[in-house]
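Just so you know, ligand 1 is whichever comes first in the structure, and atom 1 is the first atom listed for that ligand.
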Amino acid sequence: MVWEERWHPLRREWVVISSHRDRRPWQGEIVSDTAAARVAYDPTCYLCPGNTRVSGHRNPAYTGVFAFDNDHPCVGPLATEPAPFPASVYQNRRANGGSRVVCYSPRHDLSLAELPQASIVTLLAALQDEFRELSSQPEVRHVLMFENKGEVVGVSNPHPHCQIYATNFVFRTIELEAEASATYLADHGRVLFADILDAEAADGRRIIASSGDAVAFVPYFARYAYETFVAPRATHADIAELSPSEISDLAAVLRETLIRMDNLWQMPFPYVMALHQAPVDGADHDGFHFHIEIHTPLRKPGLLKYLAGPEIGGGNFLNDTAPEDKAAELRATSTTHYRSRIIA
Ligand SMILES: [Zn+2]
Ligand SMILES: [Zn+2]
């Protein structure tokens, strides 16, 4: 049992770890594995090769990664000029930027965890290209790449894909991490995330996967159960800076992590996965260390973690699990995906 407060150095806030709360009788929502019968090609899917999207555009008969401008952009070049505002404390501006969708593969039924290593390398390389292109556009100050997976995080289309928002502002979490990293570098002359990696390696209990230049771990200060960071060992500002061999190691560790997550409960593990990259706002971000964060809303199979009084009302997280226990659960799983054993 762990009952203590832990400092989150990247967010600069306290996380309350109280693993005894995990044994409370649960009366919350029950989420089941509702994965419908899976097909390699779905004629009604707007992401499958050859199908027509809502915009009227037809997808090419793509065979690898396929990226296109989001048909429902949250930010984009077609955003309207904002209405003039009466003089007051309020402000507004145009929602300029870029919104992209990246399909991992033509296969409607294969999640990222089920793709072969080579396909994940291809995907990460494609994201490097997307980053270079989007970050070079005027007005873009940050490139957020993320995947929402599973119905519990609101995904309506199961075709494996991620999204990219290239915005004229820096997302708040990234801004916090950039501030924390810059302050730490100025104060200590070291990279904050590199010291986190050292601390995790020295402890070892929360490491989930490790290969060459990349590592995955449940951080000491995890806010969610099974919260996992996947990162290159070396400090880079963004994914575009990784060498081919670093991309290969990152792909291997990411794949192993996602396989372990799916194997944990023998079901597709729902998550929000986000690539945390330094802003491209022209400022110096030497202390920022690119990493991937994976958060699941589930605490147990079928049990959602609700954000309530402490999180929504107060703004700090209360984690009902010990990060060491959750990492041990993931480490105890097989590295062979359970569905590949079913199919084989
Ligand atoms: Zn599809
Ligand atoms: Zn982060």
Side-chain angles (χ1 to χ4, degrees), residues 7-13 15 35-54 57-68 71 101-112 114-115 142-147 149 155-163 170-184 191-197 200 215-224 227-232 235-239 250 254 257 268 271-279 285 287-295 317 323:
W7 179 247
H8 192 310
L10 289 163
R11 297 182 60 88
R12 296 200 275 191
E13 68 189 29
V15 182
R38 302 220 253 168
V39 291
Y41 167 77
D42 178 352
T44 68
C45 169
Y46 58 85
L47 298 176
C48 274
N51 292 354
T52 302
R53 303 200 305 273
V54 63
H57 292 105
R58 179 186 286 270
N59 297 331
Y62 66 94
T63 56
V65 174
F66 168 54
F68 62 93
D71 296 318
V101 175
V102 181
C103 297
Y104 296 162
S105 90
R107 286 286 298 267
H108 185 80
D109 58 337
L110 291 186
S111 70
L112 190 54
E114 295 165 87
L115 290 180
H142 182 252
V143 180
L144 183 71
M145 300 175 158
F146 63 96
E147 178 189 353
K149 181 183 163 215
V155 178
S156 51
N157 189 328
H159 193 119
H161 68 285
C162 67
Q163 299 183 62
V170 180
F171 274 89
R172 183 62 191 134
T173 296
I174 303 301
E175 198 171 56
L176 262 181
E177 293 191 353
E179 287 167 4
S181 301
T183 301
Y184 193 89
V191 173
L192 172 56
F193 201 94
D195 279 2
I196 291 173
L197 291 181
E200 293 298 340
V215 62
F217 59 96
V218 177
Y220 171 77
F221 47 80
R223 296 187 301 156
Y224 289 86
E227 171 174 339
T228 299
F229 286 17
V230 183
T235 298
H236 297 295
D238 50 64
I239 192 170
L250 187 70
L254 177 60
T257 300
Y271 59 71
V272 173
M273 176 171 72
L275 277 62
H276 283 188
Q277 320 196 74
H285 293 291
F288 198 100
H289 186 118
F290 160 73
H291 58 282
I292 300 171
E293 294 192 11
I294 304 169
H295 293 97
F317 264 68

Report the residue from N157, V54, D71 that forms a side-chain contact (heavy atoms from CB on, under 4.5 Å) with Y46. N157
Distance in Å, S105 OG paired with E114 CD, rounded so as to fall on 0.5 Å steps: 10.0 Å
Spacing of CZ belonging to R107 relative to OG1 belonging to T63, to within rounding of 0.5 Å: 13.5 Å
For the residue pair L254 and L112, establish whether any side-chain heavy-atom pair is separated by less than 4.5 Å. yes
Strictly under 2.8 Å, how many protein N, O or S atoms lie near the Zn ion (ligand 2)? Waters don't count. 5
Verify whether the ring centers belonging to F290 and F193 lie closer than 6.0 Å. no
Y184: partners by side-chain hydrogen bond (donor to acceptor under 3.5 Å, both in side chains), with sequence neighbours left out: D195
Tally every protein N/O/S atom whose distance to the Zn ion (ligand 1) is less than 2.8 Å; waters are neither shown nor counted. 4
With a cut-off of under 6.0 Å to the ring centre and 45° to the axis, is R53 in cation-pi contact with F68? yes
Is there a donor in the side chain of E293 and an acceptor in the side chain of H291, or the other way round, less than 3.5 Å apart? yes
Residues at least two apart in sequence or cross-chain that pass side-chain contact (heavy atoms from CB on, under 4.5 Å) with P106, listed by chain then number, are P49, Y62
